[in-house]
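Reading through the structure tokens given below for one structure.
Every chain is numbered from 1, with letters handed out A, B, ... down the list of sequences.
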Amino acid sequence: MSKTTTEAELPLAPDDAAAERLSTAPVESEGPTGIGVLGWARWMWRQLTSMRVALILLFLLSLAAIPGSLIPQYQNGQGLLKVEAWKTHHTAVAPIYEKLQLFDVYSSVWFSAIYILLFVSLAGCIVPRTWQFVGVLRAQPPTAPRNLTRMPVYAAWRTEADADAVNAAAHRLLRKRRFRTNLAGGSVAAEKGYLREVGNLLFHMSLFALLGGFAWASLASGTGGKLMVEGEGYSNTITQLDDFNGTRFYGTEDLDPFYLKLNGFTAKFQDKGDQIGAARQFTANVEYTAGEDTSKLKQGTIEVNHPLEIGGSKVFLIGHGYAPVITVKNGKGDVVYRGSVPFLPQDGNLTSTGVVKVSDYGVGPDGSSTQMGFSGYFLPTAPLSFEGTGPISLFPGDAAPELVLNAFAGDLGTDSGLPQNIYQLNTRKLTQLTQDGQPAKARLKPGQAWDLPDGYGSVTFEGYKQWASFNVSHRPGNTIALTGAVLAILGLIGSLFVQRRRIWVRAVALPGGGTQVELAGLARSESAKIAEELAELAVDLQDDAPASEDEDDAAPEGPAPEGPTAEGPAPEDPAVPADQNSKE
Amino acid sequence: MHLASGVDPQLADLSNKLIYSAMVVYTLAMFAHMIEWTFGSKGAVAVRSTEQSGSLSETVAGTKGAKKVTVTVAGAGGGTTTLTRTALAGEGATVVTSGRGADEEDGPGAAGNSTRADLAGRIAVSLTVLGALLHAGGIVTRGLSVSRWPWGNMYEFSCAFAFAMTAAYLVLLASKKNVRWLGLPVVLAGLLTLGIATTVLYTDSEQLVPALHSPWLAIHVSTAIFCGGAFYAAFIATLLYLGKDSFDKRIAAGLTTGPLGTPASVWRRLPAASTFDKLSYRINALVFPLWTFTIIAGAIWAEAAWGKYWEWDPKETWSFITWVAYACYLHARATAGWKGRKAAYLALAAFACWLFNYYGVNIFVTGKHSYAGI
Ligand code: HEM
């Protein structure tokens, strides 16, 4: 373990050129300078772009993100339903929460204010830092300070070699170590590790790219939903989608044109152990064409984690369930309905509920025009008895499928012109059929038929298909965000793992003959191995500048070098300036 | 109808047994470490000197033609450290010796200078190695029993996480770093994690839900495990920094015990406060880019699985909070007036976010990341 690393707070001599900061971090200012509005404005801007305020804003950002993780949010998947449910349970505080935008934290005024301020601060911080850094790159490394003993790492010895030759040798050695060097005025100045600053700037700038990607996605993306039973297909237009959420730059008329058909669906489930019923595989087999031309059909599969990309959209598999196939005959024996009806899962074992609306039933037993509706359950694995539990499924796979139905007659309300939920019956103008004074009810296995009471005809449970629901998502800006993210990581690596440091070497001819060699180093990162680097350089330099035998009294102003065992008395303190924090 | 199983019950059972055996062996290691700490307090606490390597460098320096240089390093508190590097001419061998200024002494370690305590410490390390081997066996057999990566639910994740932490410590030890003082806290933390895993979080070995069928499981989750282990280690170092720093202040104020009445001899044997401080910074700084990567990998996976790379799902939100908290800590380290204890408190807060993200969000908050299996 290295015991010699320097701290970040480097002692710096305020009077020296070397005190020029190795970091372009903004300087903390004391208070308003100058007078009047301008002075205050300047002061406030300086405060905003200071590290301290950046720190506080970051802290606030993490605090502000917390409520959104504990309170349901509109923008999460199924957020709307969850928010409504939460509101009905917490009627007292719900209005206050709504006012405080606590159901919409991440687009709320206060959350936005924090990150916008943070990014303004960031811009105000990195723009000057970039300029400053460009200036540093164009300039020579700053020449050696007068008093090298004040530097955080220091070494000195006396040699008989010529001073100029020692300087030249030091220059050569530093070059070999890929330092930027400057040999002038009897000393060598060298600097290395610019990648740290580059990395830091790159990291902070790429945060803007990330933000840009986010912003573009929220302005120009859209998602639609579509549920299809096996064998069904649809064209990606607003009339054929079940629902669609557009944004400013991706509305209903911008939908990517394609055709998609669900040919089949496979679901596998865990059949034993303590995770029985857990899903193990979902695969949708589909046919599709990009564009309008349905003659060039392609085959594909969509799985969880493996969306299908068509045109500018991605199609994700998000749900599945069962769709019983039902035939309804009226009292005269005519088939008035035949089709598969998607039932919606209510629990992990796919206990599903759904309704069948027969709007073209025709004339009822009483001679007047009527409609019929059925509501009920589909149970992929039905229990032997509903006693105590009601109709629930025991397993999500179709081990013992059953359909449970209630029947209603009357007016479905479908002709009122108002949009209707296809998964719910509006029973206001419907009457439930009864048998022996009880609501009429049937449990059907595939292939079984139910003769309805009062001459209403019959219902046949022909069988069932599976359905799958898809999310059709158009989201641009992903590449921008991803590029930003990758650059951010690269920048971070440079910023955190590269050390920026300066080394000076000065060889001066002593009045009494011989040459005094001094080495000093300055680093600005916490894990700097500068002392070891300096020691290695010094050892290498001794090839050209071997230490004199009587070196113990060689250093006139530096600390007396110790004996090789390092067990002697602690060396005399080098002049450490009191102002340790002058840097930031 | 299709059913899926594909679990090898024998291997799954063997995995459980190996994990339990590892816990037993870790417990023994914990006792051995406790004995080390107890015996170590008896001997006079000698400050570690440079004698060990000093004699060697003396030989080298005594040889004719040796090149030698002494570098003076100004320390944080105004003290100085010196580093002497000696090289035999022509042979390229260098020997580094170093000493510290009086205010920055690293303690000698848990064993002090008692040989009995040292023996106990060595036994403890051997037991930890044995425990880690059993532990690794438990993880591998778990994975083999279902032919997939063994981190599909919280139980598996915790086992892997505890292993990452122990392995990191052993690797440091093997590379001759002076970290044996970490033994007790690491074994304790490992036992705690495994204890929670086997009792509260346990689930049988099974195949995964379709949402977890992705190569990102290996990438995203394994980096998350590694980050967790490392953050944990940095957390321990931060706590010890705060403790040792308070101890130093109390001693300076004329008191004779550490914070909360802890015995002074424990603190004396530990490394210097600045060593802890640096260690925790280095670990956190090393892990931060990887944690950034973990979040990005998660976002890419989310994009493939759910169609949106960021939805402010509770898990995502807390990863973000943790990330910002660590960024905050790194900024604090670079800001005058926030270094030292204040930055350390931020590091603790950041780790608390991480812990909540792991246990809190999985157990108390429902979101799309419902892999806990409990
Ligand atoms: C948008 C949120 C920000 C994030 C996530 C962030 C993150 C980070 C991280 C992780 C580091 C550590 C890298 C290192 O130590 O070199 C860092 C360093 C730094 N940040 Fe930020 N930062 C943000 C905003 C800002 C702002 C607003 C400023 C300016 C006021 C700023 C100025 C700096 C400076 C000067 C450093 C370098 C410190 C040093 O040289 O060690 N950052 N930032």
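The two atoms that bring A:Leu496 and B:Ala285 nearest to each other are CD1-O, 3.4 Å, heavy atoms only. The heavy-atom pair separating B:Pro289 from A:Ile493 by the smallest distance is CB-CG1, 4.1 Å. Here the shortest heavy-atom pairing between A:Ala65 and B:Ile321 reads CB-CG1, 3.6 Å. Taking each heavy atom of B:His331 and A:His204 in turn, the nearest pair found is NE2-NE2, 3.9 Å. A pairwise comparison of heavy atoms in B:Cys328 and A:Leu58 identifies SG-CB, 4.0 Å as the closest pair. Closest non-hydrogen pair, A:Ala485 versus B:Ile296, comes out as CB-CD1, 3.2 Å.
Looking at A:Ala488, neither its backbone nor its side chain comes within 4.5 Å of chain B, counting heavy atoms on both sides. Looking at B:Ile300, only its side chain comes within 4.5 Å of chain A, counting heavy atoms on both sides. Neither the backbone nor the side chain of A:Ile318 comes within contact range of chain B; no heavy atoms are under 4.5 Å apart. Heavy-atom distances place no part of B:Ile295 under 4.5 Å from chain A, backbone and side chain included. The part of B:Phe320 that comes within reach of chain A is its side chain, from C-beta onward, which places non-hydrogen atoms under 4.5 angstrom from that chain. Looking at A:Ile66, the atoms closer than 4.5 Å to chain B (heavy atoms on both sides) sit in the backbone and in the side chain alike. Heavy atoms closer than 4.5 Å to chain B are found in both the backbone and the side chain of A:Phe214. Using a 4.5 Å cut-off between heavy atoms, A:Ala217 contacts chain B through its side chain alone, with no backbone atom that close.
Within the 4.5 Å cutoff, side-chain heavy atoms of B:Glu303 are placed close to those of A:Lys314. Here the side chains of B:Val324 and A:Phe59 are not in contact, with every heavy-atom distance at 4.5 Å or above.
The aromatic rings of B:Trp312 and A:Tyr106 sit parallel to each other, their planes meeting at less than 30°, with 60° as the upper class boundary.
Between chain B and the residues A:Leu534, A:Asn471, A:Asn478, the most heavy-atom pairs under 4.5 angstrom are made by A:Asn478. Counting heavy-atom pairs under 4.5 Å between each of B:Phe288, B:Tyr309, B:Phe293, B:Trp323 and chain A puts B:Tyr309 at the top.
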